[in-house]
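Remember, it's a predicted structure, so these values are computed and weren't measured experimentally. So that the names make sense, note that chain A is the first sequence line, chain B the second, and so on, each numbered from 1.
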There are 6 protein chains.
Amino acid sequence: MFQRINKLQVDLPPPTRPDPNAAAALQELLGGKYGEMSTLGNYLFQSFNFRSKSKLKPFYSLVAAITAEELGHVELVSNGIAMLNNGPDSDIDEQDGGDISGAPFEAMKDIRSFASFASAGGGALPVNSNSMSWNVDMVTTTGNVIFDLLHNFHLECGARLHKLRVYETLSDPTGREVCGYLLVRGSVHAHSYALAIKNLTGVAIEQMLPVPNIPLGNIPECQKYLDEGSHRRLYTFSPADYTELAGIWGNGEMALPTDPPGELEVVPGMPSGGKIHDLTGMPSAFAPDYAPEEMLEIAAKLTKAM
Amino acid sequence: MFQRINKLQVDLPPPTRPDPNAAAALQELLGGKYGEMSTLGNYLFQSFNFRSKSKLKPFYSLVAAITAEELGHVELVSNGIAMLNNGPDSDIDEQDGGDISGAPFEAMKDIRSFASFASAGGGALPVNSNSMSWNVDMVTTTGNVIFDLLHNFHLECGARLHKLRVYETLSDPTGREVCGYLLVRGSVHAHSYALAIKNLTGVAIEQMLPVPNIPLGNIPECQKYLDEGSHRRLYTFSPADYTELAGIWGNGEMALPTDPPGELEVVPGMPSGGKIHDLTGMPSAFAPDYAPEEMLEIAAKLTKAM
Amino acid sequence: MFQRINKLQVDLPPPTRPDPNAAAALQELLGGKYGEMSTLGNYLFQSFNFRSKSKLKPFYSLVAAITAEELGHVELVSNGIAMLNNGPDSDIDEQDGGDISGAPFEAMKDIRSFASFASAGGGALPVNSNSMSWNVDMVTTTGNVIFDLLHNFHLECGARLHKLRVYETLSDPTGREVCGYLLVRGSVHAHSYALAIKNLTGVAIEQMLPVPNIPLGNIPECQKYLDEGSHRRLYTFSPADYTELAGIWGNGEMALPTDPPGELEVVPGMPSGGKIHDLTGMPSAFAPDYAPEEMLEIAAKLTKAM
Amino acid sequence: MFQRINKLQVDLPPPTRPDPNAAAALQELLGGKYGEMSTLGNYLFQSFNFRSKSKLKPFYSLVAAITAEELGHVELVSNGIAMLNNGPDSDIDEQDGGDISGAPFEAMKDIRSFASFASAGGGALPVNSNSMSWNVDMVTTTGNVIFDLLHNFHLECGARLHKLRVYETLSDPTGREVCGYLLVRGSVHAHSYALAIKNLTGVAIEQMLPVPNIPLGNIPECQKYLDEGSHRRLYTFSPADYTELAGIWGNGEMALPTDPPGELEVVPGMPSGGKIHDLTGMPSAFAPDYAPEEMLEIAAKLTKAM
Amino acid sequence: MFQRINKLQVDLPPPTRPDPNAAAALQELLGGKYGEMSTLGNYLFQSFNFRSKSKLKPFYSLVAAITAEELGHVELVSNGIAMLNNGPDSDIDEQDGGDISGAPFEAMKDIRSFASFASAGGGALPVNSNSMSWNVDMVTTTGNVIFDLLHNFHLECGARLHKLRVYETLSDPTGREVCGYLLVRGSVHAHSYALAIKNLTGVAIEQMLPVPNIPLGNIPECQKYLDEGSHRRLYTFSPADYTELAGIWGNGEMALPTDPPGELEVVPGMPSGGKIHDLTGMPSAFAPDYAPEEMLEIAAKLTKAM
Amino acid sequence: MFQRINKLQVDLPPPTRPDPNAAAALQELLGGKYGEMSTLGNYLFQSFNFRSKSKLKPFYSLVAAITAEELGHVELVSNGIAMLNNGPDSDIDEQDGGDISGAPFEAMKDIRSFASFASAGGGALPVNSNSMSWNVDMVTTTGNVIFDLLHNFHLECGARLHKLRVYETLSDPTGREVCGYLLVRGSVHAHSYALAIKNLTGVAIEQMLPVPNIPLGNIPECQKYLDEGSHRRLYTFSPADYTELAGIWGNGEMALPTDPPGELEVVPGMPSGGKIHDLTGMPSAFAPDYAPEEMLEIAAKLTKAM
């Protein structure tokens, strides 16, 4: 089972302006082959399909717990995409859609992902930066534990490469923060799968890291997460379960040599998290509605009636 | 953010025998257009992309909370699929893969979804009963609140129809229980979206229910859930958030006339849940490994070392 | 614009028994790369996109008119599929769905296209015999008239080959009649595109026909259509338009040497057609409804009220 | 069966300039999930697969007749797309392709849908605005009449939302007229499915309309269609069949309150329609040919020879 | 550039009987995510896209040379598939297609991949065992050398697992031999990518092998290839190029401990190979033709005329 | 079997500047329906699946040999794409990736195929110009020899049309040279399939050529290939096999009337070819690595050590 908390895993700065092509670029980290839907999808189904769960608890717990974190990553990137389409935060929504006969969204005609406006109203979708759908071909769940872990290790390294390249194309603070945070957390996941493999095979595969060979410290947006030791922490993302992953992430294992030093530690539960930004009402695009006043009133009444 | 709990939403009886074609049939309820991946995917992205969240809390909370329940449905169906491929519960795993030269899985050659054995080792995948991938075309997230709610209402009715038909093809207790439980819970979701629409438009659309027009009481596997009032309960699936959905599910609204009577109620948190069955180790299919003894020992050591 | 007539292009015999795998085989002729959705889709978009329509009327009219016939072929194959899933004609529908708790559709669990039952209730879908969707990759519409005609000529020959092979797998009269009729009409289309090419290039490409090199006369189900001269007739499928195709199909051109002799002729309008079979009500599968009595009464009242 | 008439359902104004990105935007209304291929595909297959057709004539006729209108919508949008790529009407085609060595179509290199030029020569294709193919996942045809009608109601509302958003991005008269006309006709379809549902369930679901909540009167391009009462008329699009839909669209039912008042009426047959624009010959792009003179002469001769 | 030699990489025994479902199973090793189309496609595009080729010759050469071997694997599996559909070798083709009116291929109606008969006449196609197409989502080519090598290492391990499972379902000698040979060669490729990674990172990742942990010696069909030392040989598959891969495969590196001992060696060129079996003429299925006599005569004449 | 030679089939001039949208346009000739992946895929699988190979040697050899040439075309277009993304040749790679925090690839944010940068680092992928994947729907391999040849003839004509249109959008010498060369070679293939058909059917289908009707001589980039007689030469692309195709390409057959005159001739083996350009190291995009110095040193050492 899963519980939901109405927070993002981290605070995101608001965008300085709407930038639909930047939002579309960020989609690569959501629905691309090496995006968060893929890390989520792989670990989710691997955890369902895991054989001998009770006898292989540290490994099962590792995959199961990271699944929950990845779902939060899907949420984070999705929020980043919607925010980049939305533009700066504002408390003042449009009052109503007004006169729409003057092609108010003509600028959308030339963006890369027209359908993200026409269909999703600027929201996130499970597609990559070229609008291709995420799909089953991005999921590997063989049930062979060593192979699935090896796959996951490779997946996290590939995800890191994609995050770096997307980061290099973005100038807006929102998208850059998403990349910075995910780089640190993805690094933790790559490291943890490496340690799991080392435990099972004796091969010190974590010594390959980081792949690509750029230290996290070179990314300014990673700095505060390194400072607070995020690269050394693995959360259980559970009220009480999955603590057995401490057999892998812990046991005296240390941070990667390219990162600030320190021992790896398991943190039960989850980070304190950051607020979910309100996306501005955009009645001229029929979101939440063309003439939303009544809707807002009803909502206010229902809230009070509780 | 999301937290994970190492339980299913409900207890499933073990299968009486492995039945790969039944498992493949159940895939329709996982990755089909009207399956649980679709309800999850729709509500997940709708909740991310929701505009004016803070001003439309009852509606946002409804979608956001049901998302978390749907993820548990994905888990439940996936477990059902893996269990149906696996067969009866057993504490005794195969010791090792033994001699594999005698075509030990020849029977798999003629099953409907060969790849589910060859690639997923009998696990669940985000595909439908004909092996087609779940994809973005199954997600609607326009940001227009009334339309998205209408879509969701239709989606839940369609999901109900598919559950009923899949149920009619299954004789094994595991798959039938999955269907029975999901029918009750899906009915709650259809009802809740109908009430949300009624609040916003004044149209008593819940009076159409149930679609299709078969009472839940006609399904023996639904009975115990009706008895305990599950059809009247909406969980927040959150430690503290989403309680505002009580503005919609509550307020004196009553159970559907075809179901046992009573008032609708919001339950903070989640159900007590059921156990996740261990899938038997199947070394002859390399899951978790061909010669897993060392792996099991390592896992045991790591567990103790914590 | 298009008008619809509530008839099939030809009478189909009812099936002797339900045969879902035969229905699935017939899907190849509907949604396969060389199926009727493809001939329809190609000619439909070619006719929309045709340049210099008014100056190239015979060629434009040929493509435009055959489009309308192909839509009727899509209808014919689809009816064949639904009939094969449905089984013999019957005036007596099920009264209601009754007790569905005994796995009444267990036999469906092992059919090749489970989703055709679970999702389409035994109806036709735009997919091929392996459940793959028809899609844009099956449409060629370049606007180069000679190339598009050459493509269409090849498409009709490919369609003929697929019809022959599907025919060879079917023992039921419904599917065989569909194949027999389509073989004759497809032969007309291949012949007509060949004549169009000959007019434009001087190459007597119709002399290649038939491809594959089996005479229509070898197929018993084609015989009556040959007897009535269907292989020499091209319909305009229009109340008044597209008569200019007589510049291509006509002009003294004769039937293919392997077919009964005679001159080619254009027939304004359409064939007299055959009846659309009623698909039996199947309340146990919720089609049209679980307890349809009220629905039937309402329909009866509305019909009278007109 | 279907007949074709060489007219559009309505007159379209010619574009003022070629605008490939506007054409690509309009593709959303052709091949998108909520585009005309989808309304066509859903009603087409639902009408084929309809059970107890003869006993449920008003409902069957409604779906069957609207199918034929939707095919004309597919034609209308497709013509709009090809026209927007083509630019202003002109009687004077290029004489021949001339010297193509100077990159005459360099401007195409940067358009959003390059393949629409390279492959379709500026024609329409069954894809959405992001070049994704239309496919079976956009078709729902369960055979459960109430559910299918509910699906169709939701589909028309979703289509309306997409038409509105596409309209808001277009400044050219051709695309705007397409949207304006389709908005009025789509409104009729949504209304008619609502009435069908009301007849079967007693729920006055048409009172939700319009979704989104913008009156048609706010769209200048809708005005003339409202003036002539198009919003109150449902055509049978058939020479003689489907008149039974008057049991649903009629019976004293009135126009929606946000539209000009008046009684709903069934019109046998079809509207008078508008002319199909000639797409200019573009020999430099090999459409209809690089040196088309001979082709035009042959066509002229064949036309005379008839 | 590539040259073709009219041989398979190894001799295959003929099948004992036609077995379309076994052929469909083998498709997993052709068009599946971990099949030979994928290894080919990954290395092909990686070799095209490789940066600093001349400065990274050993690594470039490794990927480039294995590409050529993989193409031969695609050929080998494809031949195996076609042979399994075809059945035992025979010099005597059908004379002609004869009377096809008696449903001569009725048995095909119930096979898993109907389209492989209807469309491909029993030939191989780039799809997996569930008929899903191979596609770009199965290609990783980032240009980051360490990551691409890691991906390839994981890909070969995954391919090995799939070969083992397919092998376990096959009783026919043809399919088993395909698996046996590919297991040995795939093991070489996994080993070689591991050594490349070790050279670049210092991590002895080859010590993880074999994944899954079953020795090749346990597969009887691998034995003769082990005996002849195939597991220690890497071919350049080139008349003169790619010898630089000896910097990786060689240098005193030894066979894996679970395989027969010995030093790794690079073999310029390619293996001596085995014959390509003639697929029996099947005129009743129109392959090569319904009445092929004339075709065979023409071919004989053209051969003499050379 | 296949051998690889480390050359392109022809020398390509380096680009004058990076042009990602031109590279994306060229993708149409790689992964589009009428691109080189399609000619390759069709002939590859047709050659595998060919029945009665030994009795139909001239036809089998024709398809088998052209397959090998097409693979070289795939290589050529892929190199062209990577070169156009890369820009002018340079011996001097970036030393290392340096400071990447300043959005060094911001310009990529607005290119048409963002994923080609983010995922493939500017390399080629098996997709079309709209980023859609190449797939099995682009492969026809029925086993009916006349039909498959007719398909191939149409395919080559379609490929020619696409090459012409892509050529018309490109101003850079690299892409234009790719088009010029492929136009000449594609013309040879269309011609050869026409002759094969003529041999089998007696229809002089080669008299339709060229389709589209523009002489190769109108394309300046084709001139040098015409001068050297490339349009009259068919290579066996084999050390010793496939010479039987001389029964079709030869026998006194002459060049097409629109091309420079002369007899057709078979050339055993392959052309002398051109060099493969080094793609510049781009450490700032992590290709081959962020800090590649050590990698280059290791490669240098391994090369020496051989």
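Counting heavy-atom pairs closer than 4.5 Å to chain B, the top-ranked of the candidates G97(C), G102(C), A285(C), A118(C) is A118(C). Across L29(B), L161(B), T169(B), the residue that shares the most heavy-atom pairs under 4.5 angstrom with chain C is T169(B).
Close approach to chain B, defined as a heavy atom under 4.5 Å from one of its heavy atoms, is seen in M108(C), K109(C), D110(C), I111(C), R112(C), S113(C), F114(C) of residues 107-114 of chain C, taken by number. The stretch residues 286-294 of chain C places F286(C), A287(C), D289(C), Y290(C), A291(C) near chain B, each with some heavy atom under 4.5 Å from a heavy atom of that chain.
Heavy-atom distances place no part of A24(C) under 4.5 Å from chain B, backbone and side chain included. Residue contact with chain C, scored on non-hydrogen atoms closer than 4.5 Å, involves the backbone and the side chain of L170(B) alike.
To the nearest 0.5 Å, atom CG of residue L164(B) and atom CD1 of residue I100(C) are 5.5 Å apart. One finds the CD atom of E106(C) at 10.0 Å from the CG atom of D172(B) (value rounded to the nearest 0.5 Å). Atom CZ of R165(B) sits about 6.0 Å away from atom CZ of F117(C), to the nearest 0.5 Å. To the nearest 0.5 Å, the span separating OG on S119(C) from CD on E28(B) amounts to 5.5 Å.
A distance-only check finds a donor-acceptor pair linking the side chain of R176(B) to the backbone of S101(C) [under 3.5 Å].
Between N130(B) and S116(C), the closest heavy-atom pair is ND2-N, 4.4 Å.
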